[in-house]
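Because the structure is predicted, anything quoted here is derived from the model rather than measured.
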Amino acid sequence: MKITMIGTGYVGLVTGTCFAEVGNDVLCLDVDPRKIEILNGGGVPIHEPGLEDMIRRNVEAGRLAFTTDVDRAVAHGALQFIAVGTPPDEDGSADMQYVLQAARNIGRRMTEWKIIVDKSTVPVGTADRVRAAIAEELAARGARIPFAVASNPEFLKEGAAIEDFMRPDRVVIGADDERAIHALRALYAPFQRSHERLLVMDVRSAELTKYAANAMLATRISFMNELANLADRLGADIEMVRQGIGSDPRIGWHFLYPGVGYGGSCFPKDVKALQFTGGQAGVPLRVLAAVEEANEAQKSVLVDKITARLGGDLSGRTFAVWGLAFKPNTDDMREAPSRVILADLARRGAKVVAYDPVSMAEARRVFGDPPWLSYAATPMEAVAGADALVIVTEWKEFRSPDFPGMRARLKAPLIFDGRNMYDPAFVKDAGFEYFAIGRR
Ligand SMILES: NC(=O)c1ccc[n+]([C@@H]2O[C@H](COP(=O)([O-])OP(=O)(O)OC[C@H]3O[C@@H](n4cnc5c(N)ncnc54)[C@H](O)[C@@H]3O)[C@@H](O)[C@H]2O)c1
């Protein structure tokens with residue numbers, strides 16, 4: 001099939017590449033010339049495991065190309081996927097300007113039947129707005145060309161995006177046009193060879209499903225974070241509690257890990273946008289208001305532990321920080337808890353020596369080059385001469401560090417672990433004072 005991917009970011013680039021991988025002819029469009037230049041030069045503008053090889057393979061095979069040329073992009077695909085950003089607007093609602101711009105670009109240029117597929121996370125009713133925008137542009141040029149609009153929200157996780165896309169738990173299609181359903185069914189057939197995972201539903205339900213999924217996951221995180229804080233106070237161990245409840249199949253093991261709060265480009269904005277939708281519909285989503293409030297508070301928990309141990313004035317102190325990305329295996333720092341934690345440490349006069357396996361370049365872009373922040377080439381270099389180690393992202397390479405080596409390099413044997421990476425007894429035996437989230 002001929003596919004145009006509009007928006008070549010974390011979702012569009014992965015999705016477009018995976019569609020090419022199974023034999024489709026994919027053209028990825030972006031308005032950001034820098035991204036397209038990097039891709040056309042053989043580079044990859046984001047970090048996503050396995051992506052670089054897959055892009056190279058498909059570009060070489062002539063199935064994947066990148067452009068900033070809107071005319072070419074609209075002419076290319078019978079299927080036009082919209083995968084542009086939907087960032088939060090000032091009132092918390094999803095900012096739809098990029099989605100609607102993409103729709104208008106199609107309406108202004110299309111000359112034959114097309115299926116427009118909303119892949120971005122968009123509020124209920126967006127497919128109607130996309131349809132209206134395209135119809136308006138067609139009418140403005142007196143063109144009468146039929147088209148279909150479908151919703152196909154994306155559930156991939158950054159850091160495991162290719163695996164998620166190639167082997168999805170489910171593929172949600174919201175559509176009422178039989179031809180569109182048929183085309184999307186055929187497009188996704190190679191991704192569900194062992195059994196059918198396609199859920200076809202009405203457009204509004206598909207749009208709501210994406211928000212419901214992210215809101216549920218964010219709720220589990222905030223719930224566990226609050227319980228971990230309570231466990232801290234009561235002298236209970238949240239890890240034991242996690243095992244005690246995760247073993248109940250109604251609860252399950254996933255997404256029960258306490259930490260320093262959720263971040264990233266999706267949960268924060270989607271929780272806000274769903275609340276906004278609820279408010280507009282006259283159905284206040286009270287649980288989600290609490291989820292968000294708990295998450296904001298959680299981002300200070302680690303610094304609270306630091307100041308409880310070392311005092312509120314941290315001037316003259318240096319902290320080694322391991323992990324800057326909002327989660328492992330990505331360079332994405334959008335809404336990352338590290339941003340709040342580092343800013344808090346700096347405000348209290350501390351210096352930070354940070355290490356992250358892939359997002360230090362992104363961190364330089366985010367923080368600039370302030371005098372309180374420097375970067376280390378290795379985790380060990382970061383701890384050398386620091387007053388304490390602060391762990392913010394649970395990268396695999398931090399799982400089994402050289403504890404004696406760290407002890408020898410740190411000024412004091414202090415670890416503040418925002419991701420509960422270690423067994424407290426083991427770390428204590430290694431001679432450290434260990435502060436984690438809800439651990440005894
Ligand atoms: N990142 C994730 O893990 C993830 C997962 C599922 C769903 N989503 C949703 O997918 C959507 C995209 O997210 P993302 O993380 O890929 O965003 P992103 O910011 O990485 O990429 C969006 C891209 O769209 C481009 N763009 C904007 N307007 C355009 C236009 N008119 N024409 C062409 N390109 C345009 C931007 O330049 C940018 O490169 C969002 O709605 C997001 O909520 C994201």
Does Arg197 count as lying over the ring of Phe191, i.e. NZ or CZ under 6.0 Å from the six-ring centre, within 45 degrees of the axis? no

Just wondering, are more than 12 heavy atoms of other shown residues or ligands nearer than 6.0 Å to CZ in Arg141? yes

With sequence neighbours excluded, what pairs up with Asp344 under the side-chain hydrogen bond (donor to acceptor under 3.5 Å, both in side chains) test? Arg347

Could you tell me which residues satisfy side-chain hydrogen bond (donor to acceptor under 3.5 Å, both in side chains) with Arg365, sequence neighbours excluded, listed by chain and number? Glu362

Test side-chain contact (heavy atoms from CB on, under 4.5 Å) on Leu285 and Thr277 and set out the steps. CA-CA 9 Å; Leu285 301 175; Thr277 299; over 6 Å; no

Donor-acceptor pair, distance only, cut-off 3.5 Å: does the side chain of Glu112 make one with the backbone of Ala78? no

Going by the rule side-chain hydrogen bond (donor to acceptor under 3.5 Å, both in side chains), which residues pair with Arg72 if we only count those two or more places apart in sequence or in a different chain? none

Between Ala213 and Phe155 the two heavy atoms that sit nearest each other are CB-CE2, 4.0 Å

Can you check whether Ser338 reaches Met333 side chain to side chain, under 4.5 Å on heavy atoms? yes

Heavy-atom pair with the smallest gap, counting every atom of Pro401 and Tyr422: CG-OH, 3.5 Å

Partner residues of Glu163 under the salt bridge (Lys or Arg N to Asp or Glu O under 4.0 Å) criterion, sequence neighbours left out: Arg167

State whether the side chain of Ser247 and the backbone N or O of Gly244 hold a donor-acceptor pair below 3.5 Å, judged by distance alone. yes

Looking only at heavy atoms, which two atoms of Val74 and Gln80 are closest? And how far apart? O-NE2, 3.0 Å

Give the intermediate values and the outcome of side-chain contact (heavy atoms from CB on, under 4.5 Å) for residues Leu184 and Val171. CA-CA 10 Å; Leu184 289 166; Val171 174; over 6 Å; no

Would you say Glu37 has more than 12 foreign heavy atoms packed within less than 6.0 Å of its CD? no

Keeping the roles fixed (side chain from Asp356, backbone from Ala325), state whether a donor-acceptor pair exists under 3.5 Å. yes

Would you sort out whether Val291 and Val287 count as a side-chain contact (heavy atoms from CB on, under 4.5 Å), showing the intermediate values? CA-CA 6 Å; Val291 165; Val287 171; 4.2 Å; yes

May I ask you to test the Phe398-Arg419 pair for a side-chain heavy-atom distance under 4.5 Å? no

Mind checking side-chain hydrogen bond (donor to acceptor under 3.5 Å, both in side chains) for Arg439 and listing every partner two or more places apart, or none if nothing turns up? Asp237

Contact list for residues 10-25, test side chain to side chain donor-acceptor pair (under 3.5 Å), sequence neighbours left out: Tyr10-Asp331, Glu21-Arg57, Glu21-Asn58

I'd like to know if the side chain of Lys210 and the backbone of Asp270 have a donor-acceptor N/O pair within less than 3.5 Å. no

What is the minimum heavy-atom distance between Cys18 and Met54, and which atoms define it? SG-SD, 4.1 Å

In short, side chain to side chain donor-acceptor pair (under 3.5 Å) pairs touching residues 321-330 with sequence neighbours left out are Glu158-Thr330

Under a 3.5 Å distance rule, please check whether Arg440 uses its side chain to pair with a backbone N or O of Ala231 as donor and acceptor. no

Any side-chain heavy-atom pair of Leu208 and Leu274 under 4.5 Å: yes

Counting only heavy atoms not in Met216 (residues, nucleotides, ligands), do more than 12 fall under 6.0 Å from its CE? no

Ser151 backbone acceptor or donor facing Glu207 side chain under 3.5 Å: no

Glu293 atom CD, over 12 foreign heavy atoms within 6.0 Å: no

Treating Ser93 as the side-chain partner and Ala273 as the backbone partner, does any N or O pair qualify as donor plus acceptor under 3.5 Å? no

Answer yes or no: is there a donor N or O on one side and an acceptor on the other, between the side chain of Asp89 and the main chain of Asp91, under 3.5 Å? no

Looking at every heavy atom in both Arg339 and Phe367, which two are closest together, and how far apart are they? CA-CZ, 3.9 Å

Side chain to side chain, Ile437 and Lys305, heavy atoms closer than 4.5 Å: yes

Between Glu52 and Ile55, is the side-chain contact (heavy atoms from CB on, under 4.5 Å) condition met? List the steps. CA-CA 5 Å; Glu52 195 166 347; Ile55 291 177; 5.9 Å; no

Atom pairs and distances, side-chain donor-acceptor, residues 253-269, under 3.5 Å, sequence neighbours left out:
| unit_1 | atom_1 | unit_2 | atom_2 | d |
| --- | --- | --- | --- | --- |
| Tyr257 | OH | Arg242 | NH1 | 3.2 |
| Ser265 | OG | Arg334 | NH2 | 3.4 |
| Lys269 | NZ | Thr86 | OG1 | 3.4 |

Steps toward salt bridge (charged side-chain N to carboxylate O under 4.0 Å, His left out) verdict (Glu136, Arg104): CA-CA 8 Å; Glu136 221 177 273; Arg104 287 193 182 280; 3.4 Å; yes

N/O donor-acceptor pair under 3.5 Å between Glu394 side chain and Met421 backbone: no

Please test Arg204 against Asp202 for salt bridge (charged side-chain N to carboxylate O under 4.0 Å, His left out), starting from the C-alpha separation and ending with a verdict. CA-CA 6 Å; Arg204 288 186 164 243; Asp202 63 279; over 6 Å; no

Scan the side chains in residues 115-124 for donor-acceptor partners under 3.5 Å anywhere in the protein, sequence neighbours excluded, and list what turns up.
| unit_1 | atom_1 | unit_2 | atom_2 | d |
| --- | --- | --- | --- | --- |
| Lys119 | NZ | Asn152 | O | 3.1 |
| Lys119 | NZ | Asn152 | OD1 | 2.9 |
| Lys119 | NZ | Glu154 | OE1 | 2.8 |
| Lys119 | NZ | Tyr188 | OH | 3.3 |
| Ser120 | OG | Ile82 | O | 3.3 |
| Ser120 | OG | Val84 | N | 3.0 |
| Ser120 | OG | Val84 | O | 2.6 |

Side chains of Leu288 and Thr219 in contact at under 4.5 Å (non-hydrogen atoms): yes

Quick one about Asn229 and Gln298 (side-chain donor to acceptor, distance below 3.5 Å, no hydrogens or angles considered), yes or no? yes

Ring pair (Phe, Tyr, Trp, His ring centres under 6.0 Å) partners of Phe416, counting only residues at least two apart: Phe435

Strictly by ring-ring contact (aromatic ring centres under 6.0 Å, His included), give each pair with a member in residues 219-238 just once, sequence neighbours left out. none

All pairs passing ring-ring contact (aromatic ring centres under 6.0 Å, His included) where residues 63-115 contributes a residue, at least two apart: Phe19-Phe81

Report, as yes or no, whether the 6.0 Å neighbourhood of atom CZ on Arg109 holds more than 12 heavy atoms from other residues, nucleotides or ligands. yes

